[in-house]
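These notes are about the structure you will find just below.
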Amino acid sequence: MAKQQRTAVSPTRAEDYPEWYQQVIRAADLAENSPVRGCMVIKPWGYTLWERMQRDLDAKFKATGHVNAYFPLFIPKSYLEKEARHVEGFAKECAVVTHSRLELGEDGKLHPAAPLEEPLIVRPTSETIIGEMYAKWVQSYRDLPILINQWANVVRWEMRTRLFLRTTEFLWQEGHTAHATEAEAWEETRRMLDVYADFAENHMAMPVLRGEKTADERFPGAVSTLCIEAMMQDRKALQAGTSHFLGQNFAKAAGIQFLSAEGQQEYAWTTSWGVSTRLIGGLIMTHGDDDGLVLPPRLAPLHIVILPVAPKEEHRASVFEACDKLAEELGGLAWHGNALEVHVDKRDLRGGEKMWSWVKKGVPLRVEIGPRDLENDAVFVARRDTGEKQSMPRAAFVGEVRERLEAVQSNLLQRARDFRAANSRNIDSLADFKAWFEGDGGGFAWAHWSEEAGPEAEALLRDLKVTVRCVPYTDTAEPGECIFSGKPSKQRVVFAKAY
RNA sequence: CGGGGCGUGGCUCAGCCUGGUAGAGCGCUACGUUCGGGACGUAGAAGUCGCAGGUUCAAAUCCUGUCGCCCCGACCA
């Protein structure tokens with residue numbers, strides 16, 4: 001077949017972005033839909049990616065003083081009822097366990113039996129049950145702070161689901177902390193937002209805006225929700241992580257009280273923060289291209305794949321040996337505190353098929369070694385992010401492989417930053433705002449806005465499917481007037497269509 | 001929950017209008033030729049046509065019911 005411009009993934013991003021997204025997941029073998037509606041099976045390549053994320057995030061949580069624990073999957077219904085806004089926010093999407101047994105009926109089918117006295121909710125999040133436990137654990141200001149994280153699955157019965165971005169069951173971590181003072185809890189809320197932003201940018205190579213959610217977008221029951229927002233390649237925003245300042249709302253609901261140094265009974269101040277497998281969706285849509293997944297080296301399950309090229313049977317032994325030797329040598333190198341992950345693909349497949357399978361999976365560096373390379377003591381190296389290929393002396397490659405991975409990592413971040421910059425702008429009039437977002441248009445619009453923008457503004461935003469993504473942290477805040485209502489605004493907020 | 005659509009080998013689908021005993025491509029298995037780039041040939045395995053009723057000599061096809069899934073809307077990490 002003639003060499004042609006053919007993409008590994010079809011349709012391309014430009015042709016049909018949502019379909020492209022699904023096809024990348026399939027091509028890279030990350031996950032697939034399960035027999036259970038809205039739930040996904042995360043396949044080994046996708047799960048290893050999640051494990052890499054867990055590894056790096058967990059280290060950051062530990063470094064900021066947190067420890068891991070585990071709380072139950074089931075939450076008594078009465079717990080959830082204790083915080084009014086929390087109930088309101090989650091009630092519509094809860095899976096409820098009402099029975100504890102199945103009995104074989106005359107019809108040969110199983111029927112639920114033994115109804116529970118109190119129904120159990122499959123956790124959509126764990127504030128309430130963790131709060132109950134904290135109430136028992138805290139008596140004195142000396143018991144604070146409590147800084148606990150848990151890695152868990154949660155269930156939210158969503159109406160429409162998309163692999164990784166929104167599934168009925170998903171994996172995440174949820175940090176839950178309790179503090180003696182408001183200031184300390186606020187500090188924690190901000191610290192963890194920074195941890196997320198650092199992870200997103202430096203590990204995922206996904207640039208994010210840090211900011212605060214408006215009242216509409218706030219976590220149910222929180223006083224304030226901070227978030228990181230990323231821009232996908234279709235210019236839509238993805239909320240990639242949230243950190244909530246819960247004030248004393250949950251402490252009051254659960255009765256987390258302590259005796260202060262001054263001898264006063266006081267309610268604790270709590271926070272919670274989480275990121276989920278949604279990050280994998282963000283990763284796909286930030287870096288993926290028309291040939292599939294593109295992985296930032298710091299999170300790649302494999303850094304380097306080595307493909308033996310043995311056109312004739314008599315080459316096999318020597319080529320394989322050279323590949324194994326290179327893999328062993330590279331595997332002995334450490335990068336960012338972890339050994340390089342290297343794999344020699346000895347599968348009995350045709351060269352092209354084998355190569356493309358790794359391209360689609362997004363492995364950062366591909367090395368090919370054949371008889372000619374052995375003669376010249378050379379290796380043929382290809383970069384996934386740029387498609388750049390070159391033959392180079394083996395020793396030179398080993399010597400600079402880490403710099404090369406670093407280059408891929410920073411190129412991905414820079415590319416994503418440039419994309420976001422090219423699709424962000426200040427908007428100062430309603431007409432410009434409409435023009436910017438109409439049809440498939442959009443990106444990040446930085447505009448002045450007032451909390452009391454009015455019903456007309458709300459209607460327009462609904463029509464355009466645009467929301468305020470966040471009130472961003474910025475060092476160039478300048479006051480202005482709301483483009484909808486003319487009311488005074490302290491700073492620009494970021495509008496976008498969102499996932 | 002409203003409005004559309006679809007259930008046929010592992011996957012994507014044709015066949016249905018105009019009933020006559022099941023097809024294609026991809027994938028899979030074997031052998032051969034290939035192989036520094038997503039190959040080709042030959043042979044082969046694989047489907048109670050979502051499920052239940054009905055009409056008929058005969059149903060993937062027509063009728064009724066039912067279950068499930070997908071897309072679009074209201075809700076969301």
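Proteins come first, then strands; the chains are lettered A, B, ... in the order of their sequence lines, and each starts at number 1. None of these values were measured; they are calculated from a predicted model.
You'll find that the side chain of A/Phe380 is closest to B/G36, out of B/G36, B/C69, B/A77. Comparing B/G36, B/U34, B/A77 by their nearest atom to the side chain of A/Arg350 picks out B/U34. Nearest nucleotide to the A/Met355 side chain, out of B/A77, B/G37, B/G36: B/G37. Closest to the side chain of A/Val309, out of B/G36, B/A77, B/C69, is B/G36. Among the nucleotides B/G36, B/C69, B/A77, the one closest to the side chain of A/Arg37 is B/C69. In the set B/A77, B/C75, B/G36, B/A77 carries the atom at the smallest distance from any side-chain atom of A/Arg278.
Atom pair A/Gln22:CD and B/C11:C1' shows a separation of 15 Å (rounding to whole Å applied). Atom CH2 in A/Trp356 sits about 10 Å away from atom P in B/G38, given to the nearest Å. Following rounding to the nearest Å, A/Tyr196 (OH) and B/A77 (C1') show an atom-to-atom distance of 11 Å. The distance between atom NZ of A/Lys360 and atom P of B/G38, rounded to the nearest whole Å, is 13 Å. As a whole-Å value, the separation of A/Lys354 NZ from B/G37 P is 14 Å. Distance, A/Trp157 CH2 to B/C1 P: 14 Å, rounded to whole Å. Here B/G38 presents its P atom at 22 Å from CZ of A/Arg26, a figure rounded to the nearest Å. Taking atom CZ on A/Arg162 and atom P on B/C70, their separation rounds to 13 Å, with Å as the unit.
A donor-acceptor pair under 3.5 Å is absent between the side-chain atoms of A/His244 and the main chain of A/Thr271, judged by distance alone. Side chain of A/Arg278 to backbone of A/Gln239: a donor-acceptor contact under 3.5 angstrom is found. Checking side-chain atoms of A/Asn249 against main-chain N and O of A/Gly221 turns up a donor-acceptor pair under 3.5 Å. Proximity of a side-chain donor or acceptor of A/His303 to a complementary backbone N or O of A/Pro297 within less than 3.5 Å is detected. Remark: side-chain polar atoms of A/Asp291 are paired, donor with acceptor, to backbone N or O of A/Ala8 under 3.5 angstrom. Put simply, the side chain of A/Glu83 gets close to the backbone of A/His86: a donor and an acceptor are under 3.5 Å apart. No side-chain donor-acceptor contact under 3.5 Å links A/Thr242 to the backbone of A/Cys227.
Using a 4.0 Å heavy-atom cutoff across all strands shown, A/Thr242 reaches no nucleic acid atom at all.
Within residues 214-228 of chain A, no residue has any heavy atom closer than 4.0 Å to RNA chain B.
Checking A/Asn153 against A/Arg123 by side-chain atom types alone, a donor-acceptor pair falls below 3.5 Å.
For the C1' atom pair drawn from B/C17 and B/G3, the interatomic distance equals 25 Å after rounding to whole Å. A distance of about 38 Å separates the P atoms of B/A39 and B/U21, rounded to the whole Å. Using P as the reference atom, B/A60 and B/A52 are 13 Å apart when rounded to the nearest Å. The same atom, P, is picked in B/A45 and in B/G23; the two are 13 Å apart, to the nearest Å. Across the P atoms, B/A74 and B/U12 are found 28 Å apart, a figure rounded to whole Å. On the C1' atoms, B/G7 is 15 Å away from B/G15, given to the nearest whole Å. Remark: the separation of the C1' atoms in B/G10 and B/G27 is 7 Å, to the nearest Å.
A cation-pi arrangement, defined by a distance under 6.0 Å to the six-membered ring centre and an angle within 45 degrees of its axis, is absent between A/Lys434 and A/Phe437.
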Paired and unpaired positions of RNA chain B as dot-bracket, Watson-Crick or G-U wobble under 3.5 Å, | denoting a partner strand
((((((((.[[[[.)....(..]]]].((((((.....)))))).....[[[[[..)....]]]]])))))))....
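The base of B/G37 sits within donor-acceptor range of the side chain of A/Glu368, with an N or O pair under 3.5 Å.
Taking all atoms of both residues into account, the shortest heavy-atom contact from A/Gly370 to A/Val319 is C-CG2, 4.1 Å.
Mapping A/Gly352 and A/Leu238 onto RNA chain B by nearest heavy atom places A/Gly352 at the nucleotide closer to the 5' end. Along RNA chain B, the nucleotide nearest to A/Gln239 and the one nearest to A/Val36 differ in position, and the one closer to the 5' end is contacted by A/Val36.
Proximity of the aromatic rings of A/Tyr21 and A/Tyr499 is defined here by a centroid distance below 6.0 angstrom, and this criterion is not met.
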